[in-house]
Amino acid sequence: MLNENKVKMMTKMAIYEKNEGKRMLKMSRYYKGDFVTLGVLKSIIASTFAFAVIVIFFALCNMEKIVSEVNTMDYTLIAKKVGIYYILFLIVFSIIGGIVNAYQYNKSRAGLKKYFSRLNKLERFYNNQNKKRNS
Amino acid sequence: MEFLLELKENIRRIYSRFDKIIVPAIRFFIALVSFLMLNSNIGYMAKIKSPLIAIILSIVCAFLPSWFTILILTIFMILHLYAISIEFTIVALCVILVMYLMFFRFSSKYGYLLIATVLLCWIKIPAAIPVVAALGFGMVTIVPVAFGVVIFNIIETASQYEAAITNASASDSVQQISYIAESFMSNKSVIVMVAAFSVTIIVVNCIKRLSINNSWLYAIIAGTVVELLFLIIGILAFDAKINILVTVLGAVLGVIVGYICKMLLFNVDFKRTEFVQYEDDEYYYYVKAVPKITIANTDVKVKQINARKTKKSSKTTDSYSDVTNDDDDDYIV
């Protein structure tokens, strides 16, 4: 027999899973610390690529100067400068990535709480049904 | 006010009934206008300039998420830029790649806000967007709005590129890249606009969160004033090429649109008809869940309860009493 309340509950959960829950349920697999670390890691990788693009772009813009001074340039100093900028760049964007991920994780909690409370209700419903059948 | 509230209810009712048509139609319209805007501004590649291609691509975009529309529009733009010059394509790709890697991946779901910013820049009233964006979607909208301004700058520079490059007599590729990069960086109006819009979004966000009555109304007013101040200071201090009259017009439009959006669209629970499939031990379920229409009740009876009477069990009757425990009655299943 179909139980109307059960169908309603399962439908709500399915709608949540289909929409915003899709991403949030993925998040719920992680502890907050792990999720934030993952976000920082992704930011580091993305920032490294972005920094490489910026360096190439900068080099292309100043190609004339670079070609004319190719023999007289102090490469150690340039490498040091680029290294310092890279580290600063990484720090700034890792912090941004960390903050954004922490915020997203906290935001997902409210929806998940409702979802899990429905899951618990459903479990209780099944337990009751099993008890009735056994007795 | 009553009229606006009724209209709000009607919009919600129409949306929940025809969302399967309304959403793709709006997406189609936005995508089509964007493609046509790109064609008219930088339509240098004859093969893809045909309106038929724009229509076909818009139909595809209508049924896919916003990030896909952004991707297709970016590819479309890059192809047109490629027809102008390879150097311009390299510079534009670098800018887009850096912006995507650093910022846009955090707020990719606001793709349509980016498109709206570009389109409003095109019709010269970008000042209308930050207040509305901040009011509806929060602080994160700084990214798509700023990105939109930069993208429009690329489009605008590209549309004037051929004449500019001849005047600058930059013959080889390296010179051209330096010239393009310089013309991007030296465009003060972009910097002024990005700064002004970012500050406006922050101000609107901070004020609308204050726990005072009508905070959002104060947020609209304060945001617009700050925006205008920043833009005018920017125009005067950096000699940015922004038309003051059009800016003021845009800001006033922002106030009106912000007010209307706040009354009609934001904070309304737009539930859609949902089709879901799931199963349990006994059945497979293919469910169509239609949101219930709640008509604003004008005849709610408020029963006053005296302190003495509360000792006895007293009940209040209102029309919402049947929706108290959990929200299990939102849909007709």
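Everything numeric here is computed off the predicted structure, so don't read it as measured data. Residue numbering restarts at 1 for every chain, and letters A, B, ... go by the order of the sequence lines.
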message: Checking B/D280 against A/K6 for the side chain to side chain contact (heavy atoms under 4.5 Å, CB included) test, could you report, in this order, the C-alpha distance in whole Å, the side-chain angles of both residues, the deciding distance, and whether it holds?
response: CA-CA 10 Å; B/D280 64 4; A/K6 191 182 96 177; 2.5 Å; yes

query: Just by modelled atom types, is the B/Q277 backbone N or O under 3.5 Å from a matching donor or acceptor in the A/K18 side chain?
result: no

Measuring heavy-atom distances to chain B, does [X] have an atom under 4.5 Å in its side chain, in its backbone, in both, or in neither?
X	value
A/Q104	side chain
A/F93	side chain
A/S117	neither

Nearest 0.5 Å please: distance from the [atom1] atom of [X] over to the [atom2] atom of [Y].
X	Y	atom1	atom2	answer
B/Y285	A/T11	OH	OG1	9.0 Å
A/I45	B/L101	CD1	CG	11.0 Å
A/I54	B/C94	CD1	SG	9.5 Å

query: Is there side-chain contact between B/I90 and A/F57, with heavy atoms separated by less than 4.5 Å?
result: no

- prompt: Are the side chains of A/N19 and B/E274 in touch, meaning some heavy atoms are under 4.5 Å apart?
  reply: yes

Criterion side chain to side chain contact (heavy atoms under 4.5 Å, CB included) on A/Y103 and B/V140, from CA distance to verdict: CA-CA 11 Å; A/Y103 175 75; B/V140 75; over 6 Å; no

- prompt: Which heavy atom of A/I15 sits nearest a heavy atom of B/A289, and at what distance?
  reply: CD1-CB, 4.0 Å

